[in-house]
Colleague: 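Input: one structure, supplied below.
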There are 2 protein chains.
Amino acid sequence: MVTIGDVATRAGVSRSTVSYALSGKRPLTEEVRRRVAVAIDELGYTPNAGARALATSQTKVLGLLAEFLPDEFAPAMMQYFLGVTETARTFGYDVLLISEPDGPAALHRVLASRMVDGVVLLNVAEHDDRLGVLRDTGRPGALVGLPADPDGVDVFDLDFPETGRAMVAHLGELGHREIVLVSQPEHVVQRGGAYVRRLRDAALDEADRRGITLHAAFGPADQTQVGSFLHHLLDAHPGATGVLLNNEAAAAALPAVLDARSASVPDVLSVVGRWSADFARYFSLPYSFVESAPDRLGEMAVRQLVRRIEQEEAAAEPHVVRLLPPVLVDRGSTGAPRG
Amino acid sequence: MVTIGDVATRAGVSRSTVSYALSGKRPLTEEVRRRVAVAIDELGYTPNAGARALATSQTKVLGLLAEFLPDEFAPAMMQYFLGVTETARTFGYDVLLISEPDGPAALHRVLASRMVDGVVLLNVAEHDDRLGVLRDTGRPGALVGLPADPDGVDVFDLDFPETGRAMVAHLGELGHREIVLVSQPEHVVQRGGAYVRRLRDAALDEADRRGITLHAAFGPADQTQVGSFLHHLLDAHPGATGVLLNNEAAAAALPAVLDARSASVPDVLSVVGRWSADFARYFSLPYSFVESAPDRLGEMAVRQLVRRIEQEEAAAEPHVVRLLPPVLVDRGSTGAPRG
DNA sequence: TCCAATCGTCGAACCGGTTCGAATGGCGTG
DNA sequence: CACGCCATTCGAACCGGTTCGACGATTGGA
């Protein structure tokens with residue numbers, strides 16, 4: 001392995017000079033700079049990351065904590081990965097992917113061993129055990145998902161309450177008086193997915209304010225069951241003229257269900273959901289939806305994280321909670337109610 | 001930050017003794033071992049990964065090189081991630097996720113800087129530029145995807161030729177004489193996805209041997225276009241009684257297409273494809289398929305990689321090319337041809 | 001009782017970078 | 001021509017572990 005010493009010898013300078021040539025932290029003669037560059041090139045030198053980390057206590061690596069939950073729609077997580085890794089790379093960071101079931105332990109391990117300069121936590125629950133670990137170490141962290149107590153961390157998430165309101169308001173203004181909401185299953189909520197409840201509560205409130213009847217249900221996340229669930233739900237509320245979706249599996253299953261019922265959209269039923277553009281693409285969903293913007297959230301989280309890591313003044317700034325306002329992508333799946 | 005020196009002081013021993021207590025590489029008195037354990041516990045000591053890497057030249061990190069291609073089905077990649085990260089963890093390794101567009105450069109960067117002990121390359125193309133980089137550094141690497149020249153690396157992949165033969169044979173034995181094959185689009189092949197061609201060629205050969213007419217087509221990967229493509233394809237070959245799929249987008253679109261044509265399965269058409277169980281689950285695909293086993297391939301790649309890293313004798317063993325024999329998951333979507 | 005072997009622990013060197021203070025050289029100026 | 005200053009480079013210490021040879025204490029045998 002070629003080290004900085006080899007480069008120094010070849011260029012006829014000291015090791016420290018090579019280091020300065022690399023970092024530019026001290027002025028050097030053009031001549032020396034050139035000789036070092038040539039030596040590096042000829043020897044094919046790349047600094048040893050471990051040694052550098054030891055000396056600078058900076059690894060240029062970010063931790064990405066994700067949990068693969070069997071009942072959640074795994075592909076959705078991919079979009080976060082993309083936003084995080086791409087943004088990290090533009091700032092010169094690599095990403096350590098951590099998917100252990102025991103999140104707190106894994107987090108402690110990578111932070112305490114100084115493998116990473118900061119972490120992005122995905123899928124943050126209402127009361128997330130990882131937060132305690134993160135606060136104890138005092139290292140910077142950015143969350144995707146709003147916990148009950150966001151103290152000491154930066155939070156990025158979709159504004160779920162506003163999303164719920166916007167969806168109800170959208171149908172309400174078209175004249176709908178009775179609609180249905182399909183949320184993620186109960187166990188997602190219990191696991192800490194408070195966003196499900198936040199959207200639901202806001203939707204119920206907005207419906208109430210507008211005098212709209214809103215039937216709020218928790219649908220299964222299992223693709224094999226969600227179809228019949230939707231049938232039953234629609235059977236149970238024959239007067240409903242609109243469907244709101246906050247459940248990916250239900251969204252994927254809806255086209256077949258409506259087709260089987262010969263319920264055309266938007267003539268018979270108006271449909272609005274909450275998912276990502278990529279999700280809509282993969283499943284060819286022809287419905288209007290509020291973009292959940294996973295790639296954008298991942299990018300924002302990393303940007304802020306890097307700021308905190310690299311800029312001393314930023315480290316002292318108050319922590320932010322940034323909730324993206326809902327943006328409706330219109331696919332023409334809503335209209336005036338039938339009859 | 002608490003270092004090994006702090007622990008040593010607190011336990012009243014030397015730094016090296018603490019190190020030996022941690023690694024167990026030399027015998028210690030029970031008393032000393034206990035005192036060190038207590039000190040570690042009280043101080044909350046965790047070894048610094050950078051320092052350890054520097055001293056041992058082992059990082060306990062594996063690189064995972066993936067490319068996010070816009071026209072490939074991104075969620076499929078998730079299954080590989082799962083297999084790789086989980087297996088890595090059972091062996092005490094973390095995973096550095098590298099998704100840069102410039103694969104060779106990224107690979108060189110992480111290998112030359114000694115950030116990782118070895119790499120897993122996903123989606124390996126027929127002639128993959130990353131292989132040259134990998135061979136030059138001489139570090140261990142495991143591939144998922146069979147390149148033209150697998151010298152110096154371990155390769156794991158589905159046996160695509162056998163998969164093609166098996167699918168044709170399956171329908172052939174049921175009595176089908178004219179069938180259709182939908183492959184991935186041409187540009188996937190051109191980018192190096194030789195597996196597409198390997199399956200196709202073998203299928204054509206097998207059909208030839210059995211006197212079966214096989215119409216082999218390259219379908220679009222774009223969900224918006226693949227539906228009408230399938231309609232045209234089936235219109236063009238009204239005599240076909242079976243459909244083979246080696247194209248995820250086409251598989252996802254097929255149920256709606258067949259429904260629109262009132263072509264029931266397997267009465268009117270028999271269907272067999274190649275995808276993963278998770279893919280089938282997400283898209284509720286009711287068809288028989290050859291399992292492409294991404295999680296299993298990821299696991300095999302990591303197992304072998306770790307063996308090469310950790311066992312000196314393994315490092316010298318000849319490299320392997322392991323092609324998984326196709327396993328058909330029967331969902332009852334095939335039967336005797338109509339008429 | 002003395003010596004040798006064994007066991008357990010220590011000290012120092014090393015891994016490959018970074019960084020700070022000091023040394024060296026060239027230049028301009030008095 | 002001598003001096004001082006500034007720009008540039010060097011040397012040494014340090015980051016936090018691991019590892020090897022050596023040392024001291026204990027034990028066993030002669």
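To find a chain, count down the sequence lines: A is the first, B the second, and so on, and within it residues start at 1.
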Colleague: Who pairs with A:R15 by side-chain hydrogen bond (donor to acceptor under 3.5 Å, both in side chains), at least two apart in sequence or on another chain?
Modeller: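 Here no residue qualifies.
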
Colleague: As an exercise, state the distance from CD of A:E67 to CG of A:L122, rounded to the nearest 0.5 Å.
Modeller: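 CG of A:L122 is found 10.0 Å from CD of A:E67.
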
Colleague: Could you give the distance from CG (A:L143) to CD (A:Q304), rounded to the nearest 0.5 Å?
Modeller: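 With rounding to 0.5 Å, CG (A:L143) is 11.0 Å from CD (A:Q304).
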
Colleague: Under 4.0 Å between a side-chain nitrogen and a carboxylate oxygen: does that hold for B:E317 and B:R308?
Modeller: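 No, B:E317 and B:R308 are not salt-bridged.
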
Colleague: One thing to verify: whether A:R191 and A:E126 come together as a salt bridge, which I'm taking to mean a side-chain N less than 4.0 angstrom from a carboxylate O.
Modeller: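 Between A:R191 and A:E126 there is no salt bridge, as every charged N stays at least 4.0 Å from the carboxylate O atoms.
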
Colleague: Which pair of non-hydrogen atoms, one from B:A11 and one from B:R35, has the smallest distance, and what is that distance?
Modeller: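 Smallest interatomic distance, heavy atoms only, reads O-NE, 2.8 Å.
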
Colleague: Just the endpoints, please: which first and last nucleotides of DNA chain D, 5' to 3', lie under 4.0 Å from a heavy atom of chain B?
Modeller: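 Under 4.0 Å from chain B, the extent on DNA chain D is D:dG16 to D:dA22.
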
Colleague: Where along residues 43-53 of chain A does a heavy atom come under 4.0 Å from DNA chain D, residue by residue in number order?
Modeller: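 Listed by number, there are none.
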
Colleague: Do NZ/NE/NH1/NH2 and the carboxylate oxygens of A:E30 and A:R34 come within less than 4.0 Å?
Modeller: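 Judged by the 4.0 Å cut-off on N to carboxylate O distance, A:E30 and A:R34 do not form a salt bridge.
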
Colleague: Could you work out how much the helix from C:dT1-D:dA30 to C:dG30-D:dC1 bends, comparing the axis of its first five pairs with that of its last five, to 10°?
Modeller: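 That helix gives 60° between its end axes.
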
Colleague: May I ask you to list the residues of residues 31-42 of chain A, by number, that have any heavy atom positioned under 4.0 Å from an atom of DNA chain D?
Modeller: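 Within residues 31-42 of chain A, the residues near DNA chain D are A:V32.
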
Colleague: As an exercise, state the distance from CG of B:L305 to CZ of B:F156, rounded to the nearest 0.5 Å.
Modeller: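 Answer rounded to 0.5 Å: 9.0 Å.
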
Colleague: Of the non-hydrogen atoms in B:A8 and B:V18, which two are nearest, and what is the gap between them?
Modeller: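 Closest approach of B:A8 to B:V18: CA-CG2, 3.6 Å.
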
Colleague: With rounding to the nearest 0.5 angstrom, report the CD to CZ distance, B:Q79 to A:F68.
Modeller: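 Reported value, rounded in 0.5 Å steps: 9.0 Å.
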
Colleague: Does the distance from a Lys or Arg side-chain N to an Asp or Glu carboxylate O, for A:R322 and A:D157, drop under 4.0 Å?
Modeller: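 Between A:D157 and A:R322 there is no salt bridge, as every charged N stays at least 4.0 Å from the carboxylate O atoms.
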
Colleague: Side-chain contact, heavy-atom cut-off 4.5 Å: B:L131 with B:R135?
Modeller: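 Yes, side chains in contact.
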
Colleague: Return the residues of residues 13-20 of chain A meeting this criterion: a heavy atom under 4.0 Å from some atom of DNA chain C. Order them by number, or give none.
Modeller: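 The stretch gives A:R15, A:S16, A:S19, A:Y20 as the residues lying under 4.0 Å from the strand, ordered by number.
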
Colleague: Start with the C-alpha distance between B:Y93 and B:E310, add both sets of side-chain angles, then the distance that settles side-chain hydrogen bond (donor to acceptor under 3.5 Å, both in side chains), and finish with yes or no.
Modeller: CA-CA 12 Å; B:Y93 284 77; B:E310 297 190 343; 2.8 Å; yes

Colleague: Verify, without hydrogens or angle tests, whether A:S292 (side chain) and A:P294 (backbone) share a donor-acceptor contact under 3.5 angstrom.
Modeller: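 No; judged by distance alone, with no hydrogens or angles, the pair does not exist.
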
Colleague: Here's a test of your reading of the structure: between B:L54 and B:R26, which maps to the more 5' nucleotide of DNA chain D?
Modeller: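 Closest to the 5' end, via its nearest nucleotide, is B:L54.
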
Colleague: For the CG atom of B:L134 and the CG atom of B:D129, what is their distance to the nearest 0.5 Å?
Modeller: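 Atom-to-atom, B:L134:CG and B:D129:CG are 12.5 Å apart.
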
